[in-house]
2 protein chains.
Amino acid sequence: MNIVSLLKEKGFRVTKPRLEIIKVLSNYPLSAEEIHDALDKKNIRVDLASVYRSLELFVKMSVVYSIELGEGKKRYELVNKNYHHHHLICNKCGTIEDVEMNEINFDKKINEKSKFLIDHHHLEFFGLCQDCQ
Amino acid sequence: MNIVSLLKEKGFRVTKPRLEIIKVLSNYPLSAEEIHDALDKKNIRVDLASVYRSLELFVKMSVVYSIELGEGKKRYELVNKNYHHHHLICNKCGTIEDVEMNEINFDKKINEKSKFLIDHHHLEFFGLCQDCQ
DNA sequence: AGTATTATTGCAAATTAGTTGCAATATGTC
DNA sequence: GACATATTGCAACTAATTTGCAATAATACT
């Protein structure tokens, strides 16, 4: 479902900042500042505080999720149920690549062996990208 | 190998703050502030800035590693090669539990299918602990 | 053991990421 | 189009972490 209907459905307003923020998001994890800069380059002025507030709303709506890659800040990606991936983070240049690992159902595994009920997980790999090796 | 020899070996000084910080660390991930507070309770006064500097050194020495659990701050644990574990983080109460999953060698798997050379990975599970379900 | 050298610490100030209060503005409703 | 109120921009604030620098403490040297 698209963001306009989702917002309307839940009684939130469809505003320009929200629509523009969604447009710059993708499968690549961006920080709030990077999102803000991306909008700036498109000559769209949205306050950084509003970026944070929109992201917070999108996370609550499960349209966006956040990850932390050891940099001391959050990064945001669009939720995409058909593209289950993890990240490869280069320790040297910081490049972030994706890996798909559909074959392992961690969550089920954990739920079988523990009383903890898994909602989701984050799996991040740190090492050296091809160029930095 | 113990921290005293490791420090000496690399030409770092064996100081009281460093030794005391190592003593409060364990397999449980603590934030810098929590480490500082733990020292305080033992009547050991170490400045928070020194806690950060020691942790940074320990991470570089691979004695300690840091993880981020979506709270906007880092947590630190002792490196323990014989205890390969991941975390179960309760979305409601924030409790952190460990799970062992020795059986899957992710790193090897990734190294087989990608040009990225894995050094280590972080796997975090988010959901509800037994009490919060 | 005492002194010299210099790494490390504590303290204060600075920086970075994220949050909050509030008046101005824009969205959806009638 | 006017009304009600959710959302935004702006500025100030908080939390986590970093940095500069003088004081202190750890190691080396005698």
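Below, chain A is the first sequence line, B the second, and so on; all start at residue 1. The analysis underlying the following values was restricted to heavy atoms, covering all of them including side chains, and did not include hydrogens, waters or symmetry mates.
Under the 3.5 Å distance criterion, the side-chain polar atoms of His36(B) are matched with a main-chain donor or acceptor of Val46(B).
The interatomic distance linking Glu20(B) (CD) with dG10(C) (C1') rounds to 17 Å, in whole Å. To the nearest angstrom, C1' of dT18(D) lies 13 Å from CG of Leu55(B). Ile67(A) places its CD1 atom 16 Å from the P atom of dA17(C), with the value rounded to the nearest Å. Whole-Å rounding puts the His36(B) NE2 to dA15(D) P distance at 16 Å. Rounded to whole angstrom, the span from the CG atom of Leu30(B) across to the P atom of dA16(D) amounts to 14 Å. Note: CD (Glu68(A)) to P (dA16(D)) measures 12 Å, nearest angstrom. To the nearest angstrom, P of dA7(C) lies 18 Å from NZ of Lys10(B). Distance, Lys60(A) NZ to dT7(D) C1': 14 Å, rounded to whole Å.
A close approach under 4.0 Å does not occur between any side-chain nitrogen or oxygen of Arg45(A) and OP1 or OP2 of dG9(D).
With respect to the salt-bridge test (charged N to carboxylate O, under 4.0 angstrom), the residues Arg75(B) and Glu34(B) qualify.
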Scan nucleotides 18-30 of chain C nucleotide by nucleotide, 5' to 3', and note B when protein non-hydrogen atoms come under 4.0 Å of the base, S if they reach only the sugar-phosphate, - if neither.
-> BBBB----BBS--

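Between Leu7(B) and Met61(B) there is a side-chain heavy-atom pair separated by less than 4.5 Å. Here the side chains of His121(A) and His86(A) are in contact, with some heavy-atom distance below 4.5 Å. Side-chain contact between Arg13(A) and Arg18(A) is present, with heavy atoms from C-beta onward closer than 4.5 Å.
Considering only residues two or more places apart in sequence or on other chains, Lys23(B) meets the salt bridge (charged side-chain N to carboxylate O under 4.0 Å, His left out) condition with Glu20(B).
Under the side-chain hydrogen bond (donor to acceptor under 3.5 Å, both in side chains) rule, Glu77(A) has a single partner from Tyr65(A), Tyr83(A), Tyr28(A), which is Tyr65(A).
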Hey, what are the protein-to-nucleotides 28-30 of chain D N/O distances that come in under 3.5 Å?
none

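Cluster membership for Leu117(A) and Val99(B), using ILVMFWY side-chain heavy atoms within less than 4.5 angstrom, is not shared.
Residues His122(B) and His87(A) keep their aromatic ring centres 6.0 Å or farther apart.
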